Amino acid sequence: MDVTLHLAQDPAADALLGRSALAALTGMLLDQQIPMEWAFKGPRTIADRLGTDDLDAHEIAAMDPEAFAALLSEKPAVHRYPGSMAKRIQQLCQYLVEHYDGDAEAVWRGVDSGAELLRRLEDLPGFGKQKAQIFLALLGKRLGVAPEGWREAAGAYGEAKSFRSVADITGPESLAKVRAHKQEMKAAAKAAKR
């Protein structure tokens, strides 16, 4: 991986996301209940606090859970819920160590179908179907990982020229369009409940 992403809207954080599979997965894991830019800046913040240029699944998986939670809790906190997200990140890293020898990119390397890649992503701790589909779309649209049938497996998130998720962000203008789409979806959901 070595591409330019614009998810954190911060050059150093986006550079890490574009070159590190584990950073990209961690950002996606953090992307809930906080602004998207905050979530995707998290991997850079964690790496900085660990004193490294990248995240290492073996290192994070082996860390003392309380020490890792304290690292995420330092001000400014990596997430609104740093303790629970620290636990989730460690579970993700432990899974990657156990199933992929700590190599996050191995989750998609050599996979020949979108359906298989979606299954592998859904198997990751903290990745439900929607999060897996969004990440699959990010892989296909921004990171050049496009096994046969990836768009179909990603569902609506795989559609070309859409602005539904982080997979569609290429800069500030597309970020605003994605944000507007999310607000429309929330308003529609609220109206449907009435």
Side-chain angles (χ1 to χ4, degrees), residues 3-10 13-14 17-18 21 23-45 72 76-89 91-92 95 104 107-108 111 113-194:
V3 299
T4 301
L5 294 177
H6 302 280
L7 307 178
Q9 301 292 298
D10 172 278
D14 284 328
L17 294 170
L25 283 172
T26 300
M28 190 73 222
L29 184 65
L30 289 168
D31 188 20
Q32 56 188 342
Q33 299 180 319
I34 60 172
M36 183 175 13
E37 301 92 327
W38 184 8
F40 284 96
K41 192 174 180 179
R44 175 79 266 162
T45 303
L72 268 68
V78 170
H79 194 275
R80 178 180 292 155
Y81 304 107
S84 63
M85 293 314 293
K87 183 177 179 180
R88 287 183 177 195
I89 292 168
Q91 289 170 339
L92 173 64
Y95 182 90
V107 173
W108 54 85
V111 175
S113 81
E116 171 62 15
L117 181 48
L118 180 62
R119 185 196 62 73
R120 286 183 177 201
L121 291 168
E122 287 178 326
D123 285 347
L124 297 174
F127 279 68
K129 182 171 184 166
Q130 183 180 32
K131 192 174 285 282
Q133 286 182 312
I134 292 170
F135 195 79
L136 175 53
L138 178 68
L139 289 170
K141 291 179 177 182
R142 303 285 160 246
L143 299 173
V145 178
E148 186 175 333
W150 74 268
R151 285 191 188 273
E152 294 78 9
Y157 301 106
E159 292 174 5
K161 299 179 183 174
S162 66
F163 296 96
R164 298 181 193 282
S165 73
V166 298
D168 303 307
I169 297 172
T170 58
E173 187 178 315
S174 55
L175 172 62
K177 289 180 181 179
V178 168
R179 199 163 259 132
H181 173 76
K182 288 185 175 204
Q183 288 172 345
E184 287 172 22
M185 299 308 293
K186 283 182 184 176
K190 208 179 256 189
K193 285 185 179 179
R194 287 187 203 136

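Just the heavy atoms: all of them, side chains too, but no hydrogens, waters or symmetry mates, feed the values below. Since this is a predicted model, take the numbers as computed values, not measurements.
- Expressed to the nearest 0.5 Å, how far CG of D31 lies from OG1 of T26 amounts to 12.5 Å.
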Next item on the list: Quick one: do E116 and R119 satisfy salt bridge (Lys or Arg N to Asp or Glu O under 4.0 Å)? Show the steps, please.
Entry: CA-CA 5 Å; E116 171 62 15; R119 185 196 62 73; 2.6 Å; yes

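- Of the inter-residue distances, the one linking K141 atom NZ with Y157 atom OH reads 10.5 Å to the nearest 0.5 angstrom.
- No more than 12 heavy-atom neighbours from other residues, nucleotides or ligands sit within 6.0 angstrom of NZ on K41.
- Annotation: side chain of M185 is not in contact with side chain of R164 (no heavy-atom distance under 4.5 Å).
- Heavy atoms from other residues, nucleotides or ligands lying under 6.0 Å from NZ of K87 number 12 at most.
- Within the 4.5 Å cutoff, side-chain heavy atoms of M36 are placed close to those of I169.
- Side chains of E37 and L175 form a contact here, defined as non-hydrogen atoms less than 4.5 Å apart.
- Between V107 and L121 there is a side-chain heavy-atom pair separated by less than 4.5 Å.
- Rounding to the nearest 0.5 angstrom, the gap separating the CG atom in L136 from the NZ atom in K129 is 11.0 Å.
- Atoms CG and CG, on L30 and L72 in that order, are 7.0 Å from each other to the nearest 0.5 Å.
- Side-chain contact between D14 and R44 is absent, with no heavy atoms from C-beta onward closer than 4.5 Å.
- V178 places none of its side-chain heavy atoms less than 4.5 Å from the side chain of V166.
- Under a cut-off of 6.0 angstrom, the local environment of CZ in R88 is sparse, with at most 12 non-hydrogen atoms contributed by other residues, nucleotides or ligands.
- Aromatic ring orientation, F127 versus F135: perpendicular (interplanar angle above 60°, classes split at 30° and 60°).
- When all heavy atoms are compared, the tightest approach of S162 to E159 is OG-O, 3.0 Å.
- For the atom pair CD of Q133 and CG of L118, the computed distance is 5.5 Å after rounding to the nearest 0.5 Å.
- Annotation for A104 and L25: closest pair CB-CD1, 3.8 Å, computed over non-hydrogen atoms.
- Side-chain contact between Q9 and P172: present, with at least one pair of heavy atoms (C-beta onward) separated by less than 4.5 Å.
- Across all non-hydrogen atoms, the minimal contact from T170 to S174 is N-OG, 2.7 Å.
- Between A77 and P82 the shortest heavy-atom distance is CB-CG, 4.4 Å.
- Between V78 and I34, the shortest heavy-atom contact is O-CD1, 4.2 Å.
- From R179, atom CZ reaches atom CD of Q183 across 8.0 Å, with rounding to the nearest 0.5 Å.
- No side-chain heavy atom of W150 sits under 4.5 Å from any side-chain heavy atom of L139.
- When every heavy atom of Q91 is checked against every heavy atom of P125, the shortest pair comes out as O-CG, 3.7 Å.
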